[in-house]
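Written out below as structure tokens is the structure these notes cover.
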Amino acid sequence: MRFPLFPDQASTLAPKVDELYFGLTLLSAIMMAIIFLPMLYFLYKYRRGNKVDRSPLRIPLWKIEVTWTVIPLLIVFGFYTWAADIFFDQERPPAEAMDITVIGKQWMWKIQHPEGNREINELHVPTGRAVRLIMTSQDVIHSFFLPAFRVKQDVLPGRYVTEWFQPTKVGTYHLFCAEYCGTSHSGMVGHVIVMEPADYEEWLRVGKPAETMAQSGERLFRELGCSGCHMGNSQIRAPRLEGLFGKPVPLADGQIVMADEKYIRDSILLPQSQIAAGYAPVMPTFAGHISEEELLQLLLYIKSLGLKQPEETR
Ligand code: HEC
Ligand SMILES: [Cu+2]
């Protein structure tokens, strides 16, 4: 019978996290031995009636204090550096990672691939490629947990969070919601299916929808009237969005912010919160008019424009 104490190691991160975990367990075991073995020995040696020398030892106290402070301190700092290194690795997705979007809602995970393919409670990914998830929640706090990849991230309504991994092993693994989120929380589970890159391409091709995410975004950009202000020669002066993504944006109040996912999101839902320098605060809010899904499509469209050059200077 298989008795899985540990989940599979199916991402580049998994062995690193496990090594740290076993390192900490080993350290605890050694510390326990250092304390308990002498204790048992002294219990035996100084038992009542045993004729042994009980006069106090003459070791200067400060030597003892310094030793048992400095040595553990160095060890613990060592672990700190080790763990911090993994943490930074985990928090910084490689630049070439592919974006997959995830929306948590009571009680399912809605996923969309950049090619447009959608799935629910299932996530298909290829091996050997870094995947970056742009995640949000439509209602309450959920938590996207992939034990085999050693990644877990709370998703919150009203903001984007990201998480990344690079799968290493073909297989089917668990996907959980790891934050109690209401009646059917326990049903908010699914699978990650890791495939060979060629099989993944085939999977994308078979389920190929009419539009990629960026194309859906482009259509919304026209339908919602964004293009009326942001493109062509409208009456209202609004910034061109080509070349925007990933660049610093000067704001009217003198601040400079990075045009990342959060900035795009806020620009659409809370346009008054950050006004681009040199423009009037005339953009209407779209909060309540577009769904999280549409917002992500707009985001990927604007992101795809980020690679283009603006036709006129801002
Ligand atoms: C009534 C005209 C108007 C409409 C409609 C409009 N915008 Fe804007 N938008 C502006 C103006 C003006 C600014 C610059 C002032 C500001 O930052 O609010 C702006 C700023 C932005 C920014 C920040 C750009 C930067 O360079 O910092 C983004 C992103 C954006 N809009 C996206 C959209 C999207 C997406 C839509 C459609 C859902 C939309 N806008 C609809 C007028 C408009
Ligand atoms: Cu949940």
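Computed from a predicted model, the values in this text were never measured in an experiment. Ligands are counted one by one from 1 in listed order, and the atoms in each one are counted from 1 as well.
Inspection of the environment of the Cu ion (ligand 2) yields the following protein N, O or S atoms under 2.8 Å: H142 ND1, C177 SG, C181 SG, M188 SD.
Between A276 and ligand 1, an N or O atom pair is found at a separation short of 3.5 Å. Backbone and side-chain nitrogen or oxygen atoms of Y279 are examined, and none is located within less than 3.5 angstrom of a nitrogen or oxygen of ligand 1. When only interatomic distances are considered, the shortest N/O to N/O separation between R240 and ligand 1 does not fall below 3.5 Å.
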Enumerate donor-acceptor pairs with a distance under 3.5 Å from any side-chain N or O in residues 140-147 to protein atoms, sequence neighbours excluded.
| unit_1 | atom_1 | unit_2 | atom_2 | d |
| --- | --- | --- | --- | --- |
| H142 | NE2 | D139 | OD1 | 2.9 |
| S143 | OG | D154 | OD1 | 3.0 |

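Hydrophobic clustering of Ile, Leu, Val, Met, Phe, Trp and Tyr side chains at less than 4.5 Å, counting indirect connections, unites L298 with L244. Side-chain heavy atoms closer than 4.5 Å link hydrophobic residues (I, L, V, M, F, W, Y) into clusters, and following such links, possibly through other members, connects I268 to Y301. Put simply, I134 and V151 are part of two different groups of oily side chains (I, L, V, M, F, W, Y) that touch within less than 4.5 Å, one to the next.
Atoms of ligand 1 found under 4.0 Å from any heavy atom of V249 (numbered from 1 in listed order, with element): 27 (O). Every atom of ligand 1 is numbered from 1 in the order shown, and the set under 4.0 Å from a heavy atom of R237 is 12 (C). Distances below 4.0 Å separate heavy atoms of L244 from the following atoms of ligand 1: 24 (C), 25 (C), 26 (O). The contact set between ligand 1 and A280, taken as ligand atoms under 4.0 Å from a residue heavy atom, comprises 12 (C), 15 (C). Ligand-side atoms of ligand 1 in range of G225: 5 (C), range being under 4.0 angstrom from any heavy atom. Short contacts between ligand 1 and Q274, defined as distances under 4.0 Å to a heavy atom of the residue, involve ligand atoms 17 (O). Listed by number with element, the atoms of ligand 1 under 4.0 Å from a non-hydrogen atom of P271 are 18 (O). Every atom of ligand 1 with a heavy atom of V282 under 4.0 Å away is listed here by number and element: 1 (C), 12 (C).
Under the side-chain hydrogen bond (donor to acceptor under 3.5 Å, both in side chains) test applied with E292, the options Q297, R265, K110 reduce to a single match, R265.
Only side-chain heavy atoms of S267 come within less than 4.0 Å of ligand 1; its backbone N, CA, C and O stay farther off. Only the side chain of P284 comes within 4.0 Å of ligand 1, counting heavy atoms alone; its backbone N, CA, C and O stay farther away. At a heavy-atom cutoff of 4.0 Å, ligand 1 is contacted by both the backbone and the side chain of I275. Residue L220 does not touch ligand 1, judged by heavy-atom distances below 4.0 Å.
Looking at N117 and Q112, their side chains never bring a donor and an acceptor atom within 3.5 Å of each other. Side-chain N/O atoms of D253 and Q255 include a donor and acceptor closer than 3.5 Å. Looking at S216 and E211, their side chains do bring a donor and an acceptor atom within 3.5 Å of each other.
Look at C229 and atom 8 (Fe) of ligand 1: no N/O/S atom of the residue is under 2.8 Å from the metal.
In this structure, Y200 and E115 approach most closely via the heavy-atom pair OH-OE1, 4.4 Å.
Vertex atom 8 (Fe) of ligand 1; arms to M283 atom SD and H230 atom NE2; angle 180° (nearest 10°).
Legend: residues meeting side-chain hydrogen bond (donor to acceptor under 3.5 Å, both in side chains) with D266, ordered by chain and number and at least two apart, are K262.
Listed by first then second residue, pairs satisfying salt bridge (charged side-chain N to carboxylate O under 4.0 Å, His left out) with a partner in residues 37-66 number zero, not counting sequence neighbours.
A distance of 10.0 Å separates CG in L20 from CG in D85, rounded to the nearest 0.5 Å. Atom CD1 of I30 and atom CD1 of I35 lie 12.0 Å apart (nearest 0.5 Å).
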Worksheet entry | Pair T127-M195, side chain to side chain contact (heavy atoms under 4.5 Å, CB included): steps then yes or no | CA-CA 6 Å; T127 53; M195 312 169 95; over 6 Å; no
